[in-house]
Amino acid sequence: MRDNRSLRVLEYIYNSTSILNFGALFSDGTENYCSPMEPAVGDDLRLRFRTAVDNVDSVFVVVNDDRYEMKIAESDLLFDYYEVVIPNVRERLRYYYEIHSGRVVVYYNRVSKHKELNRNYDFEVCPGFKTPDWAKGAVFYQIYVDRFCNGDPSNDVLTNEYCYIGQPVRRVENWDKFPENMDVGNFYGGDLQGVISKLDYLQDLGIDAIYLNPIFVSPSNHKYDIQDYDYVDPHFGAIVNDEGDLLPDNSMDNSRATRYINRVTNKENLEASNRVFIRLVEEAHRRGMKVILDGVFNHCGSFNKWMDKEKIYDKNPDYPKGAYITGDSPYRSFFRFQDEDAWPCNGSYNGWWGHDTLPKLNYEESVKLHDYILRIGKKWVSPPFNADGWRLDVAADLGYSEEYNHRFWRDFRQAVKEANPEAIILAEHYGDPKPWLMGDQWDTVMNYSAFMEPITWFLTGVEKHSDEFRGDFLGNADMFVGAMRHYMSTFMNGSLQVAMNELSNHDHSRFLTRTNRRVGRIHTLGPEAANEGVNKGIFRQAVVFQMTWPGAPTIYYGDEAGVAGWTDPDSRRTYPWGHEDQDLIRFHKAMIHIHKKYTALTKGSVILMHSEYKCIVYGRFTRTQAVAVVLNNDYTEKELHIHIRHLGVPNNRIMRRIMLTTEEGFDTGSQTVITQNNQMSVIVPKMSAAVYACDL
């Protein structure tokens, strides 16, 4: 009796104590574990879950309210792969896994593997939601056109050509001059011909897609105040008819700026400029590159032909009267006016964030406006223009209600995808994008929350505008891992693989400047200070992360050449042709090559393997390939014993180091490490990044 009692006690202890190999438990939304990753309506969906060999009793998947028992479909030296097929999927699915081992039950979702269930992080699949295959892991290059390359000086904006925000515009003669604090009316002369002339450079760099900041007719250098959505600005395109006069001295009346009026309203110039864009796309496509346009549809500009506050179109019989000019304008419904008795010259329209230069568009009260913008969305992704998609400016702000916003983007997606099913729809958005990423609106977003912000805080401790330094965020691995896990869970895997992963862009400080860990702006410290104390070693770590993390790595023009700068407008410096940092360019080329060479880095799973103060280790893997990445942001050398088995790497396997960066430079020379005791033991230098790879 005593022996039987002892046996029962031992059995209870055995069954109550978890001997479950938690690290081996794995599933995600990639093709290896969810196939097809982006199912069509009516497809059968195969779900897989990985465990250590002979380690669990059973695995279930709970799909919506249905519970399915999974069976072992395949085993290898290290893992069992449980599988179930969900037939004929037609509606959005939410699911999580339930693993049983003895008396232990573990719930597994996108963020955790715990004994308590949190349904907020369920996996999700939306049948019929398809992101473009060409964009998955593609390397993008963002170009702020006025500052990239002047390929055609004959189309340059002229000093005193017109007035913008109370000041005459100015042609900047010195290409290398720093931007001024009030910079929107200063023009350096970059244009689409300049982009065409540098396509070979971009191809050699390894770029897959070019994202252009707005190129349509507009009075500012940033062109987020569109004047005419149907035409490329002739200052970016071609001016074949150049008649008229500059604005008279001391005049603020743009109706007298006849040179400007002719340049931007003459159909010869407009059609010729559109042809330049057609040629750019053709040349890019010939090199295997895509071209993405910037769609500014929440607001237009006060110069816009629909408003015409500056009376650019007022005396031209080819253009209807603008809504500022008369209440009888065919565009009256495109805007909301607070004073219905203020015509002519009614300035009581709603401006975005109160800016009268940015009239907010009034979609709710204008079917005509809705249809016009949908036509624009289709036009530029269709022949003869054949753009490859849209980046949508302040996309969540469009409309006057969230309900309408979602309705508009559903209509926009349908229109654009019918015209070009492979066109990407990529939105600017801060915060949780999930309501727009449910399969019927955007494909993805500019990835602030799940990329730019966490890696910026971790490596630099500086906020993305360089407005704040947080020493408690610098090197905080727990915060970094928590932010990544949480915000990545808001994406379905297709959206994650095409997310625009930027370190810098036109709205924020250059990442290289953030490495000086200083707070500042151009009007507080001056532009020179943005170049002082920068740490290229930290920058190289960030680029290694960018090129090895899930998503579409996006280089902001000139980052690869060592351009620094505080936030807008200083981040909009010119590309330094003739005095580039050639070592940084070579480094970018090497990392882009690694990114493209290893399928694990474009389509593979990701797993966090180790984290401590100022150091993180993660892996990317498929069934045939494994890559391990170490970021050491500390000023001390680290000896690490990395549990490599969870990447599917067995013992006695050679891991090759294919990249090592330091503060002094980088090294692509191959060194090898042999895995032993389920680990890869490495010594990583201070302030370094290292990438290791092997075929399985």
Side-chain angles (χ1 to χ4, degrees), residues 29 37-38 110 121 124 126 129-142 208-214 224 290 292-298 377 381 387-399 402 405-410 412-413 416-417 422-457 464-465 483-508 511 545-546 549-556 602 606:
M37 185 178 73
E38 296 176 313
R110 295 199 63 174
Y121 296 112
E124 294 189 68
C126 185
F129 180 31
K130 182 73 170 62
T131 59
D133 288 335
W134 65 261
K136 292 178 171 69
V139 180
F140 283 66
Y141 190 89
Q142 179 186 348
D208 298 309
I210 299 167
Y211 153 46
L212 299 172
N213 284 109
Y224 284 96
K290 308 290 186 180
I292 310 302
L293 291 172
D294 206 323
V296 189
F297 303 134
N298 165 69
V381 300
D388 299 288
W390 290 98
R391 176 267 189 188
L392 307 173
D393 185 59
V394 293
D397 287 10
L398 184 141
E402 185 174 342
N405 181 279
H406 288 296
R407 188 162 80 242
F408 177 86
W409 292 125
R410 291 185 186 102
F412 186 85
R413 181 181 186 84
V416 169
K417 295 291 185 174
E422 285 298 299
I424 193 169
I425 299 174
L426 187 157
E428 178 193 25
H429 185 68
Y430 298 86
D432 183 0
K434 191 170 184 177
W436 290 270
L437 298 181
M438 304 308 293
D440 58 351
Q441 297 172 67
W442 310 335
D443 284 321
T444 192
V445 295
M446 302 176 77
N447 198 359
Y448 290 111
S449 297
F451 185 80
M452 182 191 282
E453 291 176 347
I455 195 60
T456 291
W457 287 120
K464 60 183 178 294
H465 287 285
M484 280 299 190
R485 284 178 170 164
H486 172 75
Y487 289 110
M488 287 173 70
S489 73
T490 63
F491 294 78
M492 282 181 274
N493 214 71
S495 294
L496 190 65
Q497 288 186 1
V498 300
M500 183 177 277
N501 288 351
E502 291 187 294
L503 297 171
S504 317
N505 62 30
H506 61 291
D507 285 328
H508 305 96
F511 192 93
F545 180 73
Q546 181 183 41
W549 195 256
T554 303
I555 299 170
Y556 183 43
T602 54
V606 62

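Values in this document were obtained by computation on a predicted structure and should not be read as measured data.
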Please give me the minimum heavy-atom distance between [X] and [Y], naming the atom from each residue.
| X | Y | answer |
| --- | --- | --- |
| Ala423 | Gly389 | CB-CA, 4.0 Å |
| Gly431 | Ser449 | N-OG, 3.6 Å |
| Leu293 | Ala387 | CD1-CB, 3.8 Å |
| Gly439 | Cys126 | CA-SG, 4.1 Å |

Between [X] and [Y] (side chain of the first, backbone of the second, donor and acceptor by atom type, cut-off under 3.5 Å), is there such a pair?
| X | Y | result |
| --- | --- | --- |
| Asn298 | Val394 | no |
| Asn447 | Met500 | no |
| Trp390 | Ile424 | no |

Sequence neighbours excluded, which residues qualify as salt bridge (Lys or Arg N to Asp or Glu O under 4.0 Å) partners of Asp397?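 Counting only residues at least two positions away or on another chain, Asp397 forms no salt bridge (Lys or Arg N to Asp or Glu O under 4.0 Å).
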With sequence neighbours excluded, residues passing salt bridge (Lys or Arg N to Asp or Glu O under 4.0 Å) with Glu124: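 Residues passing salt bridge (Lys or Arg N to Asp or Glu O under 4.0 Å) with Glu124: Arg92, Arg94, Lys434.
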With sequence neighbours excluded, residues passing ring-ring contact (aromatic ring centres under 6.0 Å, His included) with [X]:
| X | value |
| --- | --- |
| Tyr556 | none |
| His429 | Trp436, Trp442 |
| Phe451 | Phe545 |

Please identify each residue that fulfils side-chain hydrogen bond (donor to acceptor under 3.5 Å, both in side chains) with [X], with sequence neighbours left out.
| X | answer |
| --- | --- |
| Arg410 | Asp440 |
| Asn505 | Tyr448, Glu502, His508 |
| Asp133 | Lys130, Lys136 |
| Arg110 | none |

Salt bridge (charged side-chain N to carboxylate O under 4.0 Å, His left out) contacts in which one or both residues fall within residues 483-493, not counting sequence neighbours: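 For residues 483-493, and leaving out neighbouring residues, there are no salt bridge (charged side-chain N to carboxylate O under 4.0 Å, His left out) pairs at all.
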Show me the donor-acceptor pairs, under 3.5 Å and distance only, between side chains in residues 487-498 and residues at least two apart or in other chains.
{"from": "Ser489", "atom 1": "OG", "to": "His486", "atom 2": "O", "distance (Å)": "2.4"}
{"from": "Thr490", "atom 1": "OG1", "to": "Tyr487", "atom 2": "O", "distance (Å)": "2.6"}
{"from": "Ser495", "atom 1": "OG", "to": "Asp443", "atom 2": "O", "distance (Å)": "2.6"}

Any non-hydrogen side-chain atom of [X] less than 4.5 Å from a side-chain atom of [Y]?
| X | Y | result |
| --- | --- | --- |
| Glu38 | Thr131 | yes |
| Met446 | Asn501 | no |
| Arg391 | Asp393 | yes |
| Gln142 | Asn213 | yes |
| Met484 | Pro550 | no |

Roughly how far, to the nearest 0.5 Å, is [atom2] of [Y] from [atom1] of [X]?
| X | Y | atom1 | atom2 | result |
| --- | --- | --- | --- | --- |
| Lys417 | Ile425 | NZ | CD1 | 5.0 Å |
| Phe129 | Gln441 | CZ | CD | 10.0 Å |
| Ile292 | Leu212 | CD1 | CG | 9.0 Å |

Asp208: partners by side chain to side chain contact (heavy atoms under 4.5 Å, CB included), with sequence neighbours left out: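 Partners of Asp208 by the side chain to side chain contact (heavy atoms under 4.5 Å, CB included) criterion, ordered by chain and then number, come out as Ala138, Val139, Lys596.
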Mind running side chain to side chain contact (heavy atoms under 4.5 Å, CB included) on Val381 and Glu422 for me, showing each step along the way? CA-CA 9 Å; Val381 300; Glu422 285 298 299; over 6 Å; no
Tyr211 and side chain to side chain donor-acceptor pair (under 3.5 Å): which single residue from Asp388, Asp294, Thr554 fits?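 Testing Tyr211 for a side chain to side chain donor-acceptor pair (under 3.5 Å) against Asp388, Asp294, Thr554 leaves exactly one candidate, Asp294.
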Do the rings of Phe412 and Phe297 sit parallel, tilted or perpendicular, given the 30° and 60° boundaries?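 If you compare the ring of Phe412 with that of Phe297, the planes turn out tilted.
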Could you walk me through whether Leu392 and Trp409 pass the side chain to side chain contact (heavy atoms under 4.5 Å, CB included) test, one step at a time? CA-CA 10 Å; Leu392 307 173; Trp409 292 125; 3.4 Å; yes
